[in-house]
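Read through the structure below, which is laid out as structure tokens, and then see the notes.
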Amino acid sequence: MAPVPEGHTIHRLATRHAELFAGDRVRAASPQGRFAEGAARLSGTVLEDTEAYGKHLLHHYAGELILHVHLGLYGKFTDGPGEPPPPVGQVRLRLASDRHWLDLRGPTACELLTPPEVAALRDRLGPDPLRADADPDRAYARISRSPTPLAALLLDQSVVAGTGLIFVTEALFRAGLPPLLPGRELTPARWRELWADLVALMTRAVEVGRIDTVRDAHLPEVTGRAPRVDRHGGEVYVYRRPGQPCHVCADEVRRGTLTGRNLYWCPTCQR
Ligand SMILES: [Zn+2]
């Protein structure tokens, strides 16, 4: 199963959708019918701007109409130039201009929100490392008071928004922090480093469209090891590498579970 899209994917979609439609009057429809009413309200309005907040995608249309999409596990966008093809499968939302079309299938959320509802959504989310307006102190206020394991806190979208299992397990490895460290034992200095690393890793993932976390010194072309074979691409240290040797110390990468999620770590590098 493909992992849940992490924040960089949603930020890339926001940019892509602005490139396709910003400034254009769009035609909207719900071939599947489940968003027929919302699509009717959107149709004929101009897409002014798009943004991502964590794993949430927002389209801002003229007249304070705001489309909110959360892809969840199964949601997927497809797009193309020119006239849209006949709809295939369960197309929840189709947007089209004279230049492009866009289809959305299988999202967890596809709805119109009012500005106060968007404000409430943002209040429920922690700071997003990919946003210039993010305040990491807000996240640390939660982390520094909590006995909860650091990995669980970082996966909680109300603490940090946009981080999923890959960014969290990899950033903890790079920081040398055990995933089960209680949040309240993380010092302010270590938090600042961890936040800065999340910003760097996620920004790079937005640029290249995949998650690469391995430092130059540990890349296959430097160490002579075989490159990672994984359909999601990207060189990583511990994510989905249980039982394999750590790229840094050669100890065996471990897997555990935490609140139903897999965790991966190196017991030597992260203690
Ligand atoms: Zn190691």
Side-chain angles (χ1 to χ4, degrees), residues 1-9 129-130 136 139-140 142-144 146-156 159-160 162-271:
M1 185 177 70
V4 180
E6 304 208 17
H8 70 295
T9 302
L130 287 171
Y140 190 65
R142 290 275 304 274
I143 292 167
S144 61
S146 176
T148 301
L150 198 46
L153 287 164
L154 297 176
L155 288 167
D156 180 342
V159 177
V160 177
T163 42
L165 197 55
I166 308 177
F167 286 125
V168 169
T169 52
E170 292 296 306
L172 289 175
F173 176 90
R174 287 165 56 98
L177 291 165
L180 297 182
L181 183 78
R184 63 188 172 204
E185 291 181 25
L186 186 70
T187 65
R190 299 303 300 278
W191 168 244
R192 279 194 296 274
E193 289 168 14
L194 186 56
W195 174 267
D197 202 38
L198 282 171
V199 171
L201 288 176
M202 294 176 76
T203 301
R204 179 169 158 74
V206 170
E207 287 162 10
V208 301
R210 69 178 205 181
I211 303 177
D212 287 302
T213 63
V214 172
R215 296 183 172 101
D216 289 351
H218 307 129
L219 286 173
E221 45 274 42
V222 176
T223 66
R225 68 176 168 85
R228 182 182 187 219
V229 179
D230 185 293
R231 64 198 168 94
H232 307 300
E235 282 289 339
V236 294
Y237 283 107
V238 290
Y239 174 73
R240 297 211 319 198
R241 297 191 62 247
Q244 298 179 48
C246 172
H247 294 325
V248 175
C249 74
D251 198 356
E252 201 173 276
V253 173
R254 306 296 161 87
R255 173 169 56 196
T257 54
L258 179 66
T259 60
R261 311 282 304 267
N262 282 318
L263 277 186
Y264 306 93
W265 74 97
C266 172
T268 300
C269 293
Q270 295 170 264
R271 55 167 144 210

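Order of appearance sets the numbers: ligands from 1, and atoms from 1 within every ligand. Given the structure is predicted, the values throughout are model-derived calculations rather than measurements.
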Exercise for the section: Under 2.8 Å from the Zn ion (ligand 1), which protein N, O or S atoms are there? Could you list them by chain and number? Expected result: C246 SG, C249 SG, C266 SG, C269 SG
Completion exercise
Note: A217 and V222 closest approach over all heavy atoms is O-CG1, 3.5 Å
Completion exercise
So the side-chain hydrogen bond (donor to acceptor under 3.5 Å, both in side chains) pairs with at least one residue in residues 195-204 (sequence neighbours excluded) are R174-D197
Exercise for the section: Output yes when a side-chain donor or acceptor of Y140 lies under 3.5 Å from a complementary backbone atom of L186, and no otherwise. Expected result: yes
Handout entry: Residue list, side-chain hydrogen bond (donor to acceptor under 3.5 Å, both in side chains) with T213, at least two apart or on another chain
Key = E170
Exercise for the section: Would you check if L180 and L263 make a side-chain contact, meaning some heavy-atom pair closer than 4.5 Å? Expected result: yes
Handout entry: Those residues that, when tested against H8, pass ring-ring contact (aromatic ring centres under 6.0 Å, His included) (two or more places apart)
Key = F167
